[in-house]
Amino acid sequence: MNKSALTRATDPSSAPTPGYLYNDISKSLTSPQSCVETMNFLVSRLSKNNPHVKKKSLKVLGKCAAHPASRGMMKRAVVQNPVAIGAIKDAMAYRGSADAV
């Protein structure tokens, strides 16, 4: 698990994540253990209250699961963890705080 790349990919700014980070993170998923560690890190980032962090974490999870280098290990790691599934569903339904208009 490349923690510095994951932290850069899910930073709280509104700036978009550079595309090369998705490839770097996906290529580092060479074993089931690295997939589980990466998934746990991203799920922990989903618990943050910043909408940018939530969106970027979901995007990294999706890109890693779809990347051919992970060979389906990331998908398997997510499906086997019910806590991760619940956190992903909660993050997808997140609406944030209302604007003071």
Side-chain angles (χ1 to χ4, degrees):
M1 175 177 85
N2 190 351
K3 193 168 184 175
S4 65
L6 286 169
T7 304
R8 280 192 321 229
T10 60
D11 68 335
S13 70
S14 63
T17 301
Y20 71 90
L21 280 177
Y22 298 124
N23 285 331
D24 291 348
I25 293 167
S26 296
K27 288 178 183 175
S28 71
L29 303 175
T30 57
S31 69
Q33 183 61 32
S34 65
C35 289
V36 170
E37 291 172 357
T38 301
M39 184 218 30
N40 287 335
F41 179 81
L42 291 171
V43 167
S44 71
R45 296 290 283 175
L46 288 175
S47 67
K48 303 291 183 192
N49 203 21
N50 188 324
H52 301 298
V53 173
K54 288 182 184 287
K55 180 182 180 230
K56 290 178 181 183
S57 298
L58 289 172
K59 185 139 185 173
V60 170
L61 271 169
K63 293 281 188 179
C64 289
H67 200 276
S70 69
R71 298 185 310 273
M73 290 184 289
M74 179 60 98
K75 291 178 193 174
R76 206 170 303 120
V78 172
V79 168
Q80 292 176 348
N81 189 345
V83 174
I85 294 172
I88 291 169
K89 285 181 180 180
D90 290 343
M92 288 175 59
Y94 180 76
R95 295 291 177 205
S97 58
D99 286 340
V101 178

Taking every heavy atom of M73 against every heavy atom of L29, the minimum-distance pair comes out as CE-O, 3.6 Å

Is V53 reachable from L42 through a run of hydrophobic residues whose side-chain heavy atoms are each under 4.5 Å from the next?
no

Let me confirm one number: the CE-CG distance from M92 to L46, rounded to the nearest 0.5 Å.
11.0 Å

Quick one: does K59's side chain have a donor or acceptor within less than 3.5 Å of a partner on T10's backbone?
no

What are the two closest non-hydrogen atoms of N2 and S4, and how far apart are they?
OD1-OG, 3.0 Å

S70 side chain to C64 main-chain N or O, any donor-acceptor pair under 3.5 Å?
yes

From R45 CZ over to L58 CG, what is the distance, rounded to the nearest 0.5 angstrom?
12.5 Å

Verify, without hydrogens or angle tests, whether Y22 (side chain) and A9 (backbone) share a donor-acceptor contact under 3.5 angstrom.
no

Measuring from M39:CE to I88:CD1, what's the distance to the nearest 0.5 Å?
8.0 Å

Any chance you could lay out the side-chain contact (heavy atoms from CB on, under 4.5 Å) test for N81 and N40, step after step, and finish with the verdict?
CA-CA 10 Å; N81 189 345; N40 287 335; 3.8 Å; yes

Could you give the distance from NZ (K3) to CD (E37), rounded to the nearest 0.5 Å?
10.5 Å

Nearest heavy atoms of T30 and R71, plus distance in Å:
O-NH2, 3.7 Å

Measure the spacing between NE2 of H52 and OG of S14 and express it to the nearest 0.5 Å.
5.0 Å

Where the side chain of S28 meets the backbone of I25, is there a donor-acceptor pair that is under 3.5 Å apart?
yes

Correct closest heavy-atom pair for K63 and S26 would be O-OG, 3.9 Å

Could you pull out the closest heavy-atom pair between A65 and K75, with the gap in Å?
O-CE, 3.1 Å

Exercise: identify the closest heavy-atom pair between T17 and K56
OG1-CD, 3.6 Å

Are the side chains of N49 and Y94 in touch, meaning some heavy atoms are under 4.5 Å apart?
yes

Other residues, nucleotides and ligands only: do more than 12 of their heavy atoms fall within 6.0 Å of NZ on K54?
yes

Applying a strict under-4.5 Å side-chain criterion to I, L, V, M, F, W and Y, I'd like to know whether L6 and L21 cluster together.
no

